Amino acid sequence: MPPGRPAHAALAARLRAAGSVFAEDEADLLLEAGDGDPARLRAVVQRRLGGEPLEYVLGWAAFDGHRVRVTPGVFVPRARTTVVVEQAARRLQRYDRVVDLCCGAGAISVALLGRVGALDLVAADVDPDAVDVAAENIGDRGIVVLGDLFAPLPDRFRGAVDVIAVNAPYVPTASIATMPSEARDHEHRVALDGGADGLDLHRRIAAGAGEWLRPGGVVLIEVSDAQARASAAAFAAAGFSPSIESDEDVDGTCVVATRTT
């Protein structure tokens with residue numbers, strides 16, 4: 001139903017009263033999700049008004065021009081992660097070997113396949129729910145594996161990966177309590193908790209990535225601006241040549257760590 005019609009205006013008003021900053025846009029999406037079925041529309045509206053993240057209500061999240069399927073508990077892709085996609089895409093050619101590590105719903109994989117084309121792609125996550133959704137999103141365009149960091153990767157990838165693209169958890173444990181409710185109360189903690197300083201996974205990835213990258217291959221890992229130097233230092237200590245890249249348009253920052261030997 002186009003904006004301006006009574007049902008849209010009434011729904012936007014309810015969403016706005018409940019605290020939605022983008023009430024008109026959300027009303028459009030919820031009306032679309034209702035698909036002309038009043039009972040279905042009531043159900044999705046009540047879920048949203050009850051505080052459930054919009055992406056879970058819709059069943060998808062917008063990311064880099066794609067609708068990426070998400071299910072309750074699975075990490076919802078954020079626009080800031082497109083800084084990793086942008087940096088990875090400019091370093092890749094078709095059929096290059098890529099690992100989407102801590103893949104969540106597979107959003108980085110979907111975006112890279114869209115930007116670059118066919119890739120020799122493996123996505124990995126420790127969360128079984130995320131792996132299930134990523135497999136649905138990626139389909140037959142890559143392999144999705146369950147396990148801790150590099151452990152489930154196929155042996156043929158050892159020493160041969162061009163790009164490892166990562167959105168590992170980097171929220172300090174004590175800071176999770178201050179996150180917005182939509183993340184804190186709905187996303188699995190394993191997708192958020194980065195340890196005491198937020199960089200536990202960054203250090204583990206720095207320690208293990210060299211075994212999987214070809215010489216000149218890169219790790220691209222999302223991080224907050226405040227943590228970027230510490231993350232880069234962890235990769236430098238592990239023998240990488242790191243730099244920091246930012247995209248102010250999406251408020252995104254990543255460390256680019258190149259294997260030099």
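On a predicted model such as this, the values are computed, not experimentally measured, just so you know. Starting from 1, each residue takes its place in the sequence as its number.
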>> Would the distance check show the side chain of R97 and the main-chain N or O of R156 forming a donor-acceptor pair, the cut-off being under 3.5 Å?
In response: yes

>> I want to check something: taking the side chain as every heavy atom from C-beta on, are P169 and L192 in contact at a cut-off of under 4.5 Å?
In response: no

> Stepwise, does the side chain to side chain contact (heavy atoms under 4.5 Å, CB included) test hold for L101 with I221?
Replying inline: CA-CA 9 Å; L101 201 62; I221 186 165; over 6 Å; no

>> Tell me whether the count of non-hydrogen atoms from other residues, nucleotides or ligands lying under 6.0 Å of CG in D185 goes above 12.
In response: yes

> Is there a path of hydrophobic side-chain contacts, each under 4.5 Å between heavy atoms of I, L, V, M, F, W or Y residues, that connects V110 with V133?
Replying inline: no

> Side-chain heavy atoms under 4.5 angstrom apart, residues restricted to Ile, Leu, Val, Met, Phe, Trp, Tyr: same cluster for I108 and V131?
Replying inline: yes

> Is a donor on one side and an acceptor on the other found under 3.5 Å between the side chain of H186 and the backbone of P72?
Replying inline: no

>> Could you list the cluster mates of V70? Members are the ILVMFWY residues connected by side-chain heavy atoms closer than 4.5 Å, either directly or through other members.
In response: Y56, V76

> Looking only at heavy atoms, which two atoms of A183 and R78 are closest? And how far apart?
Replying inline: CB-NH2, 3.6 Å

>> Do F240 and V161 land in one hydrophobic cluster if side-chain heavy atoms of ILVMFWY residues count as linked below 4.5 Å?
In response: yes

> With a 4.5 Å limit on heavy-atom distance, are the side chains of F75 and D127 in contact?
Replying inline: no

>> To check you understand the geometry: which heavy-atom pair defines the closest contact between A124 and L153, and what is its length?
In response: CB-CD2, 4.3 Å

>> Looking at E26 and L54, would you say the former's side chain and the latter's main chain have a donor-acceptor pair under 3.5 Å?
In response: no

> With a 4.5 Å limit on heavy-atom distance, are the side chains of L199 and V223 in contact?
Replying inline: yes

>> Any heavy-atom pair between the side chains of D197 and R203 that's under 4.5 Å?
In response: yes

> Is it the case that one hydrophobic cluster holds both L15 and V57, taking links as side-chain heavy atoms less than 4.5 Å apart, direct or via other members?
Replying inline: yes

> Counting only heavy atoms not in R158, do more than 12 sit closer than 6.0 Å to its CZ atom?
Replying inline: yes

> Going through the checks in order, is the side chain to side chain contact (heavy atoms under 4.5 Å, CB included) test met by V166 and V84?
Replying inline: CA-CA 8 Å; V166 195; V84 175; over 6 Å; no

> With distance as the sole test, does R141 use its side chain to make a donor-acceptor pair with the main-chain N or O of I138 at under 3.5 Å?
Replying inline: yes

> Out of curiosity, F63 CZ to N137 CG, how far, rounded to the nearest 0.5 Å?
Replying inline: 11.5 Å

> Rounded to the nearest 0.5 Å, how far apart are CG of L92 and CG of D162?
Replying inline: 6.5 Å

> What pair of heavy atoms forms the shortest contact from Q87 to C254, and how long is it?
Replying inline: CG-SG, 3.9 Å

> Do D125 side-chain atoms and C103 backbone N/O form a donor-acceptor pair below 3.5 Å?
Replying inline: yes

> Any link between I164 and F157 through a network of hydrophobic side chains (Ile, Leu, Val, Met, Phe, Trp, Tyr) touching at under 4.5 Å?
Replying inline: yes

>> Could you go through R42 and Q46, starting from their C-alpha distance and side-chain angles, then the distance that decides it, and tell me whether this counts as side chain to side chain donor-acceptor pair (under 3.5 Å)?
In response: CA-CA 6 Å; R42 283 195 299 272; Q46 287 304 313; over 6 Å; no

> How many angstroms lie between atom CG of D100 and atom CG of L220, to the nearest 0.5 angstrom?
Replying inline: 11.5 Å

> Side chains of I205 and L149: closer than 4.5 Å at any heavy-atom pair?
Replying inline: yes

>> Within the 4.5 Å heavy-atom criterion, are I176 and D193 side-chain neighbours or not?
In response: yes

>> Measuring from atom CG of L29 to atom CG of L58, what distance do you get when rounded to the nearest 0.5 angstrom?
In response: 5.5 Å

> Minimum heavy-atom separation for L113 to L119, with atom names?
Replying inline: CD2-N, 4.0 Å

>> Measuring from atom OH of Y170 to atom NE2 of H202, what distance do you get when rounded to the nearest 0.5 angstrom?
In response: 7.5 Å

> Any side-chain heavy atom of V116 sitting closer than 4.5 Å to one from V98?
Replying inline: no

> What closest approach, in Å, do G117 and R94 show between heavy atoms, and which atom pair accounts for it?
Replying inline: CA-NH1, 3.6 Å

>> Under the criterion side chain to side chain contact (heavy atoms under 4.5 Å, CB included), I'd like the reasoning laid out for E55 against W60: C-alpha separation, chi angles, the key distance, then a yes or no.
In response: CA-CA 5 Å; E55 293 82 2; W60 56 268; over 6 Å; no

> Would S246 and T253 count as a side chain to side chain contact (heavy atoms under 4.5 Å, CB included) if you check the C-alpha gap in whole Å, the side-chain angles of each, and the deciding distance to 0.1 Å?
Replying inline: CA-CA 4 Å; S246 297; T253 301; 3.3 Å; yes

> Which atoms form the tightest heavy-atom contact between P242 and A236, and what is the distance?
Replying inline: CG-CB, 3.9 Å

>> Is it the case that the side chain of R184 and the backbone of M179 share a donor-acceptor pair, with hydrogens and angles ignored and the cut-off at 3.5 Å?
In response: yes

> Just by modelled atom types, is the A228 backbone N or O under 3.5 Å from a matching donor or acceptor in the S231 side chain?
Replying inline: no

>> Quick check for you: to the nearest 0.5 Å, what is the distance between L112 atom CG and R91 atom CZ?
In response: 12.0 Å

> Are any side-chain N or O atoms of T173 and backbone N or O atoms of G195, one a donor and one an acceptor, separated by less than 3.5 Å?
Replying inline: yes

> Are any of the side-chain heavy atoms of L41 and L31 separated by less than 4.5 Å?
Replying inline: yes

